[in-house]
Student: 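Once you've had a glance at the structure underneath, I'll fire off some questions.
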Amino acid sequence: MATKIINKTVTEFSLRITRCFFVPSKAIQTNAALFQERSETSITNVAEQLLPTIRPPLPIIYSRKLAFPPKFKAVRQAWVSNMDTVEEEKLGLIDLHPEVFAERPRVDIIHENVRWQQLYRHVSYANTKVKYEVRGGGRKPRPQKGSGRSRHGSIRSPIWRGGGIVHGPRSPTPYFYMLSFNARLNGLRSTLSAKLAQDDLHIVDSLDIPTDDPSYLEKLVEERGWGPAVLFVDDNDIMPLNITAASDVHGHYNLMPVYGLNVHSMLKHHTLVLTLAAVERIEERLLFHLNRNDAAEAGRKYKLDSL
Amino acid sequence: MVSTLGMALRYRPLTGVSSKVSKANALFNPEWTTVRFRYHADKVAKGPVPRRHGYEEKLFQGGLLPRTAFPDRALPIPTYKPKNSWNEKRALFGQNDYIDILGPSNEISQKPLHPTQLLYHVPPWLRGVQGNEYQVLLRRRKFVQKKGYALGHPTKWATLNTRIKKLYRYLNHKTKSPFWKDA
């Protein structure tokens with residue numbers, strides 16, 4: 001998919017070179033202000049009157065400057081869509097860092113990550129009583145000799161019915177373990193790469209939608225062929241009002257900040273939708289960890305009571 | 001092969017004869033000889049020969065089905081309610097597990113976080129603990145004795161201590177040390 005995009009844009013560039021303008025990465029937020037000519041009236045609960053969106057001439061190419069420019073891998077590119085209308089409008093094209101979004105997906109590492117997420121917080125509270133915990137059983141049932149019956153010391157010994165369990169579960173049993181820092185880092189990279197490669201990753205300019213009607217979101221997802229479950233990721237943890245209200249009805253549309261992103265959620269939801277700010281943040285974080293010079297300190301084994 | 005030869009001959013019964021001489025004659029008498037008159041082939045020809053004599057088939061072979069006392073109602077069974085895979089807990093499972101990677105790490109205003117600090121549903125003394133029962137109990141005793149657990153829960157305090165003592169003895173006298181495999 002990535003190679004097709006590159007070929008297409010090369011021809012488009014040659015035709016529309018007079019209409020395109022270069023936009024450095026820091027100015028993305030100011031460009032968003034251009035689209036807010038209909039600002040106050042958009043966030044009202046008027047389902048029918050969706051005012052037409054006013055945009056500068058398309059395509060607007062967002063040129064991103066990649067931190068730690070890749071030397072040996074080709075840069076990947078992805079479309080930037082909008083959330084203002086139900087129909088998809090491609091606003092532009094951005095570069096994605098291959099070390100984050102084009103890493104060869106390691107299925108075993110993804111599996112390790114999912115297993116870790118499921119297990120590390122699990123505590124088993126199953127419990128069985130040992131013989132001295134079971135009520136009663138302090139007295140010797142009958143004298144050692146003379147009765148002709150077998151000899152016993154207590155009625156709660158493990159061989160008795162109702163007696164204690166010897167090697168049963170003991171509450172609480174923690175299943176905590178920490179996966180290595182790099183295994184988790186590579187898990188994120190592999191999953192993001194797999195999502196992009198399988199056309200399950202979409203980038204939008206922001207999560208601002210015109211109404212808080214849940215049906216708007218349903219129609220949008222249906223129209224664009226995004227999966228039944230969609231995970232929207234933004235940099236900020238306080239999301240716009242409209243999308244929060246619209247997605248609250250359905251459990252399969254979920255909003256998440258960048259720091260909440262994880263392998264399990266990315267696999268559980270069919271489609272991953274990132275905002276431009278989220279892409280910037282994710283790349284910055286992952287590239288920072290890949291290129292830091294004190295990696296040994298970060299990757300050290302977790303020690304109890306050290307935090 | 002159906003044989004009709006056996007039907008022509010008469011045979012003398014061995015029982016019901018009073019004198020010993022007659023009985024001796026019944027065993028051996030040159031005037032007559034025993035001839036086979038029953039053949040397995042005849043039995044097979046009549047119909048299928050039953051196998052596994054003495055075996056009791058537990059599966060339903062036919063006949064009247066069991067009936068309940070109430071013909072109009074169905075048998076009581078709990079109504080099936082499928083689990084909601086997209087309730088809040090399940091939909092957002094695993095959120096913030098990578099906060100030490102994707103969260104703030106070197107900012108002065110925000111302190112870096114570790115996922116063990118976000119285990120709110122795990123008892124505080126058990127957060128980030130990895131160990132066997134003995135190690136877990138020692139940690140529990142360390143946390144609990146400061147809060148007057150011995151006064152508030154005397155039986156449980158006694159059980160805790162007994163369990164620790166028993167496990168110490170079992171692990172150190174009855175089981176091999178985990179370092180033995182390196183020796």
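Chain letters run A, B, ... following the sequence lines, proteins first and then strands; every chain starts at 1. Predicted model, so just to flag it, every value in this text is computed and none were measured.
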Student: Quick check on the interface: out of N84(B), L113(B), T162(B), who has the most heavy-atom pairs with chain A under 4.5 Å?
Tutor: T162(B)
Student: Counting neighbours of NZ on K156(B) that are heavy atoms of other residues, nucleotides or ligands and sit closer than 6.0 Å, is the number greater than 12?
Tutor: no
Student: With a 4.5 Å heavy-atom cut-off (strictly below), which parts of residues 112-127 of chain A touch chain B? List them by number.
Tutor: N113(A), W116(A), Q117(A), Q118(A), Y120(A), R121(A), V123(A), Y125(A)
Student: By a 4.5 Å heavy-atom criterion (distance strictly below it), what part of V129(B) contacts chain A: side chain, backbone, both, or neither?
Tutor: both
Student: What's the shortest heavy-atom distance between H167(A) and Y170(B), and which atoms?
Tutor: CE1-OH, 3.7 Å
Student: Give, as side chain, backbone, both or neither, the part of T155(B) having an atom under 4.5 angstrom from any heavy atom of chain A.
Tutor: neither
Student: Among G128(B), S85(B), A158(B), who wins on heavy-atom pairs under 4.5 Å with chain A?
Tutor: G128(B)
Student: Any idea which of D305(A), T173(A), V258(A) has the most non-hydrogen atom pairs under 4.5 angstrom with chain B?
Tutor: D305(A)
Student: I need the contact set between residues 87-94 of chain B and chain A: heavy-atom distance under 4.5 Å, sorted by residue number.
Tutor: R90(B), A91(B), L92(B), F93(B), G94(B)
Student: Which atom pair, heavy atoms only, marks the closest approach of L126(B) to P174(A)?
Tutor: CD1-CG, 4.0 Å
Student: When you look at OH of Y168(B), are more than 12 heavy atoms from neighbouring residues, nucleotides or ligands closer to it than 6.0 Å?
Tutor: no
Student: With chain A, which of T159(B), N96(B), I101(B) has the greatest number of heavy-atom pairs at distances under 4.5 Å?
Tutor: I101(B)
Student: By a 4.5 Å heavy-atom criterion (distance strictly below it), what part of E133(B) contacts chain A: side chain, backbone, both, or neither?
Tutor: side chain
Student: Go through N132(B), L118(B), L119(B) and name the one with the most non-hydrogen pairs under 4.5 angstrom from chain A.
Tutor: L119(B)
Student: Atom CG of L231(A) and atom CD of Q95(B): how far apart are they, to the nearest 0.5 Å?
Tutor: 8.5 Å
Student: Determine whether L102(B) and L188(A) make a side-chain contact, defined as any pair of heavy atoms from C-beta on separated by less than 4.5 Å.
Tutor: yes
Student: Please determine whether the number of non-hydrogen atoms from other residues, nucleotides or ligands lying under 6.0 Å from atom CD1 of I77(B) exceeds 12.
Tutor: no
Student: Do other residues, nucleotides or ligands put more than 12 heavy atoms under 6.0 Å from H152(A) NE2?
Tutor: yes
Student: Taking NE2 in H173(B) as the centre, count heavy atoms belonging to other residues, nucleotides or ligands within less than 6.0 Å. Is the count above 12?
Tutor: yes
Student: If you count heavy atoms of other groups shown closer than 6.0 angstrom to CD of Q61(B), is the number above 12?
Tutor: yes
Student: Flag the one option from L286(A), I282(A), V263(A) with the top tally of heavy-atom pairs under 4.5 Å to chain B.
Tutor: V263(A)
Student: Between Y175(A) and chain B, with a heavy-atom cut-off of 4.5 Å, which part of the residue counts as in contact: side chain, backbone, both or neither?
Tutor: neither
Student: If we only count heavy atoms from C-beta on, is the P115(B) to Y302(A) side-chain gap below 4.5 Å?
Tutor: no
Student: Quick one: closest heavy-atom pair of P104(B) and R285(A), and the distance?
Tutor: C-NH1, 4.2 Å
Student: Could you tell me which of K166(B), R127(B), R163(B) has the largest number of non-hydrogen atom pairs under 4.5 Å with chain A?
Tutor: R163(B)
Student: Quick check on H289(A) against chain B: is it the side chain, the backbone, both or neither that has a heavy atom closer than 4.5 Å?
Tutor: side chain
Student: Please determine whether side chain to side chain contact (heavy atoms under 4.5 Å, CB included) holds for the pair R170(A) and V136(B), giving the CA-CA distance in whole Å, both sets of side-chain angles, and the decisive distance to 0.1 Å.
Tutor: CA-CA 10 Å; R170(A) 297 292 291 166; V136(B) 166; over 6 Å; no
Student: Which answer fits Y120(B), side chain, backbone, both or neither, if we ask what part of it has an atom under 4.5 Å from a heavy atom of chain A?
Tutor: neither
